[in-house]
Amino acid sequence: MLISIVERSLFRDKDGGTKVVKHRFLGFLIWLALQSTAVFFLSKTLLLSLFTRNPFKPSFLSIFAFIVFHFSLLIFSTSLFIISSPRPQRAASPFELLLGTARLILVPISNSQPLLSPGFRLRARASISFVLFVAVSAVSASLSVITLCLSCNAFDQLKQRRLVFGKLGFWGLQIGLLYGVHYVYNKRWVLQFPIIQRPPFFSFKMGLPLAVGKALKLSAAGYVLSAILAFVLPYEFKGQLPVGNFITEQILFYIGSFVVILCWELCHHLHQVLHTKRSVFAPPKGSAAAETNPSEPLLAALEESTPKSLLQYLAYLDLCMVCEGNVDPWRRAAFFEESGETYKRVISVCLTPVEQFTRNVCEVLESSPVDNSLQLSHQLRSPNEQLADSKVYESFDDFQLLAWCARIVASLTVHSHKEDRFGVAQLSGSNAAVISTLLSSLLAVETLMGKKTNLQSSNTLMDPAGIKWATLNPGRRDSAAGMAGRRKGAPFYAKAYSMADILKTSIYGIISAFYDEMSHSAKAGLLEKDWIISSKPLYGTRELLSQKLRLFLDFQAS
C-alpha cells in the first residue's frame, strides 16, 4: 500500500519516465532490504554474544522485531526518496508559512488570481517535506533502537523494567531528530552526480568506509546529546541502576544507535548510487526503432518530462555521455540526419537552460549596478541587493544541468566538423547560436564576478612589449574592485568560477576544431558575420562578443 501511494504521488511523468524512476525506486528498496537484513542479523548476533552469550535463535519476538525493523527502514527510505532532488530547493520560513496560512483563511477565494504564488507553494511544500522527514526519522529511529536492544536479556536485570520501552524510545527519538536535522541542514538530500560513471557495485563499495566513519561520528554526537539531556529528565524516568547495569545500558545504546545510523548511511549511499546512475534513453541497437528514429525516446524525455525533475536530469546525463564519448557513436550520428530537425531540437533543448541562466544573471546585474557597489558595506545590505543575491543563488541551483548543457552543445559542434555530412549545423545557424550563447553567458558570469568586460577603445596605453592597457577613470576602477571583493566573498562565487571555467573550456574546444575556418573568416573580416548571431545577444553587444571571440581565437582569453 505504501509503495502504491508513492507511485501515485511521485511518478507523474510520461510512461517511459514513469518506468525509469519507478524501477529505480523498487530496485533501491530491494537492495536496501538485503543489506539491512545482513546488518540486522550481524548486530543481533553481536549483541547477544556480548551480553547474554547465547546464540541468536528464531522466535516469535525476534521475527516481530525483524519485521518492525524493516518497516522502520521502509518509512525512512520512502521519506528520503520523497525529499531527494537533483537540485537544491528553497524552503519557506516559518513566518512565510504563517502568512500563507492566514491568507488562505482570511482572504476570499478568487477565480481570477490565485491566493498563493507558485513559488511560495513550492517553498511551502519543501518546508513541509523537510519537517515530515525529520519526524519520520525520529519515529524510525525509536522503532529501530527498540527492536535491536530490547530482546537482549541484559535488560531483564533492570529493577524498573517498565522504563525500558521509554528509555529506548527516547534514545531513538534523540538520534532520529539529530540525524534528520543534520541531513536536511547539510542538504544531503541533493543528488550528487559522479564525474565518472562506474558500475553500481564499485560505486557502492567505494562509499562504505565513508558511511562507517559518518555513522561513528553521528552516533558519538547522539550519545553526547543523550548524556546532556539526561540531566534535564525527571528523576522518576532516570531510574536507579547499579553501576554495572548502567554501563551495560550505555554500551547497548551506543551500539544500537551506531547500527541504526549505519543502516541509514548505507541507505543514503545506495540511494545516491542507484538514482545517479546513467539511464540509456534509446531503443535496442538493431531494432526497428533504432533504424528509423533512435533519438525520439531521448528527446521525449528532455522535452516532455517535468522541468528540473530527476528524469530530465537523467536524460541530460545520457545526452552528455553520448555527445562526449564514443560508446554509442550510432546515436550521435542520428542527430545529424538529413532534415536537420533532430539536431535543431537537441541544440534548442540544451541552449534554453543556458539562455535562461544568462537572463537571470543579467537581471541581477541590472538591479545592482557596478557604480553603486561601494555605497553599501558587507554588514548593511539593502533589500534590493539581498533580493538580487537570492536570485543569483537560485540561478546557480541548476549548476549541474548548466554544465551538461554547455558541454553538450560544445561537443556536438565539435563533432559536426567531421560527422555532419549534410552540413545541418552550419546551414541551420546552430553554430553561431552556440558560440553567441556561450560567449554571452561567459561575459555575464565574469561581470558578476567583478571582471571588466569593456570594449577596447582608443583610450588605451601601449607598453614597449606591445601589450595594450585600457585606462579607466578612478571611480569605475574602484567600483569594479569593490564589486569583485563583494562577490568573491559570496557563497555562489565558487560556482560562478566553475561555471566560467566550463564555458571557457567549451568555447576553446569549438575554437580548436574550427580554428582554420575561423582564422580565414577573421582575415576576411567575416568572423562576426559567420559566428555571431545577427540579433541582439543576451548580454553585451555583437562587437563585444566579436572581440571576445578574437581573444579566444588568439588563445588569450583568461
Side-chain angles (χ1 to χ4, degrees), residues 86-88 190-197 276 278 302 308 312-325 332 346-362 364-365 392-416 430-451 453 484 487-488 490-514 531 537-540 545 548-549 551-553 555-558:
R87 64 189 298 271
V190 179
L191 295 174
Q192 302 291 337
F193 288 85
I195 299 177
I196 300 176
Q197 287 283 329
T276 57
R278 178 194 179 187
L302 291 170
K308 313 300 175 58
Q312 193 178 61
Y313 268 70
L314 292 174
Y316 275 107
L317 173 61
D318 181 44
L319 178 59
C320 184
M321 298 188 69
V322 169
C323 295
E324 290 187 336
R332 187 173 64 232
V346 172
I347 293 297
S348 175
V349 80
C350 293
L351 286 183
T352 300
V354 182
E355 292 172 352
Q356 184 60 43
F357 165 76
T358 307
R359 294 190 186 97
N360 294 339
V361 175
C362 292
V364 172
L365 295 176
V392 176
Y393 300 148
E394 294 177 1
S395 300
F396 284 101
D397 285 345
D398 300 318
F399 172 79
Q400 179 64 83
L401 185 63
L402 294 171
W404 284 337
C405 290
R407 290 161 53 186
I408 288 169
V409 294
S411 299
L412 276 181
T413 306
V414 169
H415 286 291
S416 69
S430 298
N431 289 351
V434 168
I435 286 291
S436 301
T437 302
L438 295 180
L439 287 174
S440 297
S441 182
L442 176 61
L443 289 172
V445 172
E446 288 181 343
T447 306
L448 182 68
M449 297 166 61
K451 189 173 182 180
T453 57
R487 296 298 186 189
K488 189 171 294 186
F492 61 82
Y493 186 85
K495 287 188 176 181
Y497 189 89
S498 301
M499 191 66 201
D501 186 65
I502 292 172
L503 292 171
K504 291 176 186 176
T505 305
S506 301
I507 296 173
Y508 268 128
I510 299 175
I511 296 294
S512 300
F514 290 89
W531 293 94
L538 295 173
Y539 182 78
L545 265 62
K548 192 72 173 179
L549 182 59
L551 292 177
F552 275 99
L553 192 58
F555 295 95
Q556 294 181 0
S558 60

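This chain uses plain numbering: 1 for the first residue, then up along the sequence. Just the heavy atoms: all of them, side chains too, but no hydrogens, waters or symmetry mates, feed the values below.
- For the pair Phe514/Asn431, a side-chain contact is recorded, criterion being any heavy-atom separation below 4.5 Å from C-beta on.
- Listed by chain and residue number, Arg90 satisfy the salt bridge (Lys or Arg N to Asp or Glu O under 4.0 Å) test with Asp397 (two or more places apart in sequence, or in another chain).
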Which is it for Gln197 and Leu317 under the side chain to side chain contact (heavy atoms under 4.5 Å, CB included) test, yes or no, and what are the steps along the way?
CA-CA 10 Å; Gln197 287 283 329; Leu317 173 61; 3.6 Å; yes

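- Scanning all heavy atoms of the two residues, the minimum distance from Ile408 to Cys350 falls at CG2-SG, 3.5 Å.
- In this structure, Tyr497 and Met449 approach most closely via the heavy-atom pair CD1-CE, 3.7 Å.
- At a threshold of 4.0 Å, the pair Glu394-Arg87 does not count as salt-bridged, since none of the basic side-chain nitrogens sits closer than that to a carboxylate oxygen.
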Step by step, would you call Glu446 with Met499 a side chain to side chain contact (heavy atoms under 4.5 Å, CB included)?
CA-CA 10 Å; Glu446 288 181 343; Met499 191 66 201; over 6 Å; no

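- Pro88 approaches Val190 most closely through the heavy-atom pair CA-CG2, 4.1 Å.
- A distance-only check finds a donor-acceptor pair linking the side chain of Thr352 to the backbone of Ser348 [under 3.5 Å].
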As a quick check of understanding, evaluate side chain to side chain donor-acceptor pair (under 3.5 Å) for Thr276 and Tyr313, giving each step before the final call.
CA-CA 9 Å; Thr276 57; Tyr313 268 70; over 6 Å; no

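- When all heavy atoms are compared, the tightest approach of Tyr539 to Ala444 is CD2-N, 3.7 Å.
- Distance CG/Leu319 to CG/Leu302: 6.0 Å, rounded to 0.5 Å.
- Of all heavy-atom pairs between Leu545 and Leu439, the closest is O-CD1, 3.6 Å.
- Taken from CG in Leu438 to CD1 in Ile507, the straight-line distance is 5.0 Å, to the nearest 0.5 Å.
- Side-chain contact between Leu538 and Arg359 is present, with at least one heavy-atom pair separated by less than 4.5 Å.
- Taking OG of Ser411 as the start and CE of Met321 as the end, the distance is 12.0 Å to the nearest 0.5 Å.
- Between Tyr508 and Phe552, the ring-plane angle classifies as perpendicular under the 30° and 60° cut-offs.
- Residues Ser395 and Phe357 share a closest heavy-atom pair of O-CD1, 3.7 Å.
- Annotation: side chain of Pro353 is in contact with side chain of Cys405 (closest heavy-atom distance under 4.5 Å).
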